[in-house]
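Each ligand, and each atom within it, is numbered from 1 in the order the structure gives.
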Amino acid sequence: MTDKTNAVDLITGHRRMRRNRKADWSRRMVQENRLTVDDLIWPIFIVAGTNIVEPIDAMPGVNRMSIDKAVEAAKLAADFGIPALATFPNVDISLRDDTGSNSLAANNLINETTRAIKKAVPNIGVITDVALDPFTSHGHDGILRDGEIVNDETVAQIARAAVLQADAGADIIAPSDMMDGRVGAIRRALDAAGHQNVGIMAYATKFASAFYGPYREAIGTSGLLKGDKKTYYIDPANGTEAMRDAALDVEEGADMLMVKPGLPYLDICWRMKESFGLPVFAYQVSGEYSQIKAAAANGWIDGERVMLETLLAFKRAGCDGILSYFAVDVARILAKR
Ligand code: PBG
């Protein structure tokens, strides 16, 4: 018998990670995380009118849709098996004011959208954002008084708006405003109105991020916003503070937690999942979407592979699902596999 030991085996000491990677079948066998259609939540943008599908320049492939078109989109998503939609209204500028009073109109754009979708496509979940920014003339998420976004008055209004959203059929209320005490106030208001089964997905850790830029074009707040949102969103530098903020949402009764933006904050996703054991979702926000689209359009990256890789990264980081503008594109690819 000749000794087959060679110099390379001396280098590896027989420990070869590459054995499991040698073939497609063995790689599939050891794959730890998988993306499925059940992981996807699709955010959509709504405008008033009918038969409108209006491209958003800063988000190639994403449109603002009138309610009739949103219903068609909801059917498409449900047929693919996407569990839920998240709706964002682009409210007519004439309806926006200092306090976002249109958020308290039972038949406003977001609530009419929910009604139409729930009626036509009852088997898809509808998640509504209850922040005031689509309704305020200054683009802030709360009520502006003497240069300050006032917390408690905003919370009271958001809790009332949440009840109206639930009345319209929303399944999950998602407050993205980062006012203190909002989750508890929304829970109490929903319960008092008989909406015990309506859930709360807290935008538990929402960072003061530059990645929201394209979204503000989508809902028409980019030209309006004065100043920034640093007095209520979390500083991107702060992980411990983010955990404390999420812990308060858990105490106040959140059913699910969200991290926003997504990819730059995977550490927060992981820490939140480990700490609270609640379902954790990441929001792959508009800027994350647009940067992939832009690089792909220039031929600099393979857009489809990067899209799938980013979404899988959320799974690896412990997320139970992802809000992504890619949801339908991904569902289409997964359906073919
Ligand atoms: C505000 C809100 C934002 C997004 C959803 N709701 C951010 C903001 O404008 O401050 C961002 C979504 C995205 O960028 O995709 N309540």
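Residue pairs meeting the salt bridge (charged side-chain N to carboxylate O under 4.0 Å, His left out) criterion with at least one member in residues 288-301: none, sequence neighbours excluded. Every pair passing salt bridge (charged side-chain N to carboxylate O under 4.0 Å, His left out) that includes a residue from residues 175-188 is listed here, sequence neighbours excluded: Asp177-Arg182, Arg182-Asp249, Arg187-Asp191, Arg187-Asp255.
Nearest protein heavy-atom neighbour of atom 6 (N) of ligand 1: Tyr215 OH, 3.0 Å. Counting only heavy atoms of the protein, atom 16 (N) of ligand 1 lies nearest to Ser176 OG, 2.6 Å. At the shortest separation from atom 5 (C) of ligand 1 among protein heavy atoms lies Lys260 NZ, 2.7 Å.
A cation-pi arrangement, defined by a distance under 6.0 Å to the six-membered ring centre and an angle within 45 degrees of its axis, is absent between Lys260 and Tyr233.
Within the 4.0 Å heavy-atom shell around ligand 1 one finds Lys206.
Counting only distance, with no hydrogens or angles, the side chain of Thr154 and the backbone of Ile143 share a donor-acceptor pair below 3.5 Å. Judged by distance alone, the side chain of Asn238 and the main-chain N or O of Thr240 form no donor-acceptor pair under 3.5 Å.
Each of the following atoms of ligand 1 lies closer than 4.0 Å to a heavy atom of Arg216: 8 (C), 9 (O), 10 (O). Atoms of ligand 1 lying under 4.0 Å from at least one heavy atom of Tyr325, given by number and element, are 12 (C), 13 (C), 15 (O). Within ligand 1, the atoms closer than 4.0 Å to a non-hydrogen atom of Asp141 are 1 (C), 16 (N), numbered from 1 in the order shown. Heavy-atom contacts of Lys229 reach the following atoms of ligand 1: 8 (C), 9 (O), 10 (O) (cutoff under 4.0 Å). Against a heavy-atom cut-off of under 4.0 Å, Ala131 is close to the following atoms of ligand 1: 16 (N). Using a 4.0 Å cut-off to heavy atoms of Asp133, the atoms of ligand 1 that qualify are 1 (C), 2 (C), 16 (N). Close contacts of ligand 1 with Tyr283, meaning ligand atoms under 4.0 Å from a residue heavy atom, involve 12 (C), 15 (O).
Asn20 and Ser26 share no donor-acceptor pair across their side chains, judged by distance under 3.5 Å alone. Of the N and O atoms on the side chains of Thr310 and Gln284, at least one donor lies less than 3.5 Å from an acceptor on the other residue.
Contact annotation: for Asp129 versus ligand 1, heavy atoms closer than 4.0 Å belong to the side chain alone. Looking at Ser286 against ligand 1, both its backbone and its side chain come within 4.0 Å, counting heavy atoms.
The shortest N or O to N or O distance between Tyr203 and ligand 1 is not under 3.5 Å.
Taking the six-membered ring for Trp, Tyr325 and Tyr215 have ring centres at least 6.0 Å apart.
Residues Met179 and Tyr232 are in side-chain contact: their nearest non-hydrogen atoms beyond the backbone lie under 4.5 Å apart.
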